[in-house]
Participant: 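Quick one: the structure is below, and I'll ask about it shortly.
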There are 2 protein chains.
Amino acid sequence: MNDTIAPKAGREGLRERKKRLAEQAITDAALRLFAEKGYYETSIQEIADAVMMSSRTFFRYFDSKEDILSGAIRAVQREGLRLAAECESNEPLKIALRRVFLHLAELYQQQRDGLLARYRIAKQSSALASLFLYAMLETEPELCAALAARLEPEPDRSELRFLVALHMTALRVTIEEWLENEESPPLSSLLEQRLIF
Amino acid sequence: MNDTIAPKAGREGLRERKKRLAEQAITDAALRLFAEKGYYETSIQEIADAVMMSSRTFFRYFDSKEDILSGAIRAVQREGLRLAAECESNEPLKIALRRVFLHLAELYQQQRDGLLARYRIAKQSSALASLFLYAMLETEPELCAALAARLEPEPDRSELRFLVALHMTALRVTIEEWLENEESPPLSSLLEQRLIF
DNA sequence: ATTATATTGTCATTGAATGACAAAAGTCAA
DNA sequence: TTGACTTTTGTCATTCAATGACAATATAAT
């Protein structure tokens, strides 16, 4: 039961590795079951059985069944947020927005398969679709705050909010179209055509 | 146990009236309890107790606890959709969109109090906020379909979808600002300033 | 090896949601 | 009004999501 070694002193231990392994196993099993029998027809007990853990332990990895779906999206969004915090202090607002959203597009692009699997499941019900959507939109306020804090001529709050929301909408609609068509151009180039604000 | 009479032959019976009364009573009691003790701290049993019905009966009026929050918004959105189906066949797309969304704004305006109560509760958690949001956004596809069906030079689907989403975003952001400020101008005039696409 | 710490399983509990069925209330015609 | 018919409601039972408590186990550090 060793593989890539090294529970070294100050490094990464076995625990962390097993943790991520288990997380991945749960996600894989859950997405597979959701796709096979439907989200609501799959109980947490079944997911837990599939990866041979108790259902109680499942809840130590995910806050809820829904979390399996939205977690990946939230991770991407958080990454985009991190980038927004890095903008130059004198960078014009629209340039900064463009940079952040094109970067987000590239992150999503790298996850097309996982995203598509989740998107298909989310479309099984409106409750799930709402989660999917919200995982994106919920970062709007934080994104506004990050931008407002770092941009030089502090932008008008109301205007900023609107602009961020418009960009997020462009991203959302573009992602949907990109996922729905099998052979579509790269997400980032699709988005570029939309960012005309 | 009579009041405004008339379970007349082809008209509205006592049942319908009691039904709407009960619905209203549930909504009122629930919103009050949510505001007082919090959404998650209020059980359906408590709501049912407050209006003296069994919890089983509650579920015959609302599909879920969340339904109390999002139902009102969905009703408004559906009304807006109805209007979209009425547009002239030769009306330009942007004119039709403007008409539909300004009408929606007026509908929301008439419900400011109820909407504000729900908005405050929705902000108690992201799961609730997502429902609130989705109650608006879920009508986008239907709105697209309604417009695409009736407009003369059938608009490009992709472009239509994007435009509808942008309008919905403008409505959403404007509603939020309008609700957050006590003394703010009428929603429809706020929205008008945003609809510049 | 022996501590200390983190992870997991078992058990119990709460609350949302739904099906089945009998009791009660509303509707309609004569 | 009575009496048949339909709708609404309450009771009961059940499933499943989610969470707290605590003991058993696995990992980490010395």
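Below, read A as the first sequence line, B as the second, and so on, with proteins coming before strands; counting in each chain starts at 1.
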Participant: Taking ILVMFWY side chains as joined if any heavy atoms are under 4.5 angstrom apart, and letting links pass through other members, which residues group with A:Ile196?
Facilitator: none

Participant: Specify the separation, in whole Å, of atom CZ of A:Arg56 and atom P of D:dT25.
Facilitator: 19 Å

Participant: Using a heavy-atom cut-off of 4.0 Å across all strands, would you classify A:Ser64 as base, sugar-phosphate, or nothing?
Facilitator: sugar-phosphate

Participant: Taking 4.0 angstrom as the limit, do B:Glu142 and B:Arg78 come out as a salt bridge?
Facilitator: no

Participant: Looking at DNA chain D, which of residues 25-35 of chain A put a heavy atom within less than 4.0 Å of it?
Facilitator: none

Participant: Please, which pairs that meet salt bridge (Lys or Arg N to Asp or Glu O under 4.0 Å) have at least one residue in residues 187-197 of chain A, sequence neighbours excluded?
Facilitator: A:Arg98-A:Glu192, A:Glu177-A:Arg194

Participant: Measure the distance from CZ on A:Phe59 to P on C:dT10 and round it to the nearest whole Å.
Facilitator: 16 Å

Participant: In whole angstrom, what separates B:Phe58's CZ from C:dG15's C1'?
Facilitator: 13 Å

Participant: Find the distance A:Asp63:CG to D:dA18:P and express it as a whole number of Å.
Facilitator: 9 Å

Participant: Counting distance only, does the side-chain N/O of A:Arg112 pair as donor-acceptor with the main-chain N or O of A:Trp178 below 3.5 Å?
Facilitator: yes

Participant: I need the CZ-P distance between B:Arg17 and C:dG26, as an integer number of Å.
Facilitator: 11 Å

Participant: Mind listing the residues from residues 36-49 of chain A sitting with a heavy atom below 4.0 Å of DNA chain D? Number order is fine.
Facilitator: A:Thr42, A:Ser43, A:Ile44

Participant: Check if the side chain of B:Arg60 and the base of D:dG10 share a donor-acceptor pair of N or O atoms closer than 3.5 Å.
Facilitator: yes

Participant: Between A:Arg20 and A:Glu16, is the closest basic N to carboxylate O distance under 4.0 Å?
Facilitator: no

Participant: Name all pairs fulfilling the side chain to side chain donor-acceptor pair (under 3.5 Å) condition that reach into residues 122-136 of chain A, sequence neighbours left out, sorted by first residue then second.
Facilitator: A:Tyr40-A:Ser125

Participant: Which residues pass the salt bridge (charged side-chain N to carboxylate O under 4.0 Å, His left out) test with A:Asp67, sequence neighbours left out?
Facilitator: A:Arg74

Participant: In whole angstrom, what separates A:Met52's CE from C:dT7's C1'?
Facilitator: 17 Å

Participant: A:Tyr61 near the nucleic acid: base, sugar-phosphate alone, or nothing, with a heavy-atom cut-off under 4.0 Å?
Facilitator: sugar-phosphate

Participant: Please confirm whether the shortest side-chain N or O distance from A:Ser54 to OP1 or OP2 of C:dT8 is below 4.0 Å.
Facilitator: no

Participant: With distance as the sole criterion, do the side chain of A:Arg15 and the base of D:dT27 form a donor-acceptor contact below 3.5 Å?
Facilitator: yes

Participant: Calculate the interatomic distance between B:Met53 atom CE and D:dT11 atom P; express it in whole Å.
Facilitator: 13 Å

Participant: When you measure from the centre of the six-membered ring of A:Tyr39, is the NZ or CZ of A:Lys65 closer than 6.0 Å and no more than 45° off the axis?
Facilitator: yes

Participant: Side chain of B:Lys18 only, heavy atoms from C-beta on: which candidate in D:dT8, C:dA25, D:dA26 is closest?
Facilitator: C:dA25

Participant: Any Lys/Arg nitrogen of B:Arg17 or B:Glu23 sitting under 4.0 Å from an Asp/Glu carboxylate oxygen of the other?
Facilitator: no

Participant: Atom CD of A:Glu66 to atom P of D:dA17: distance rounded to whole Å?
Facilitator: 11 Å

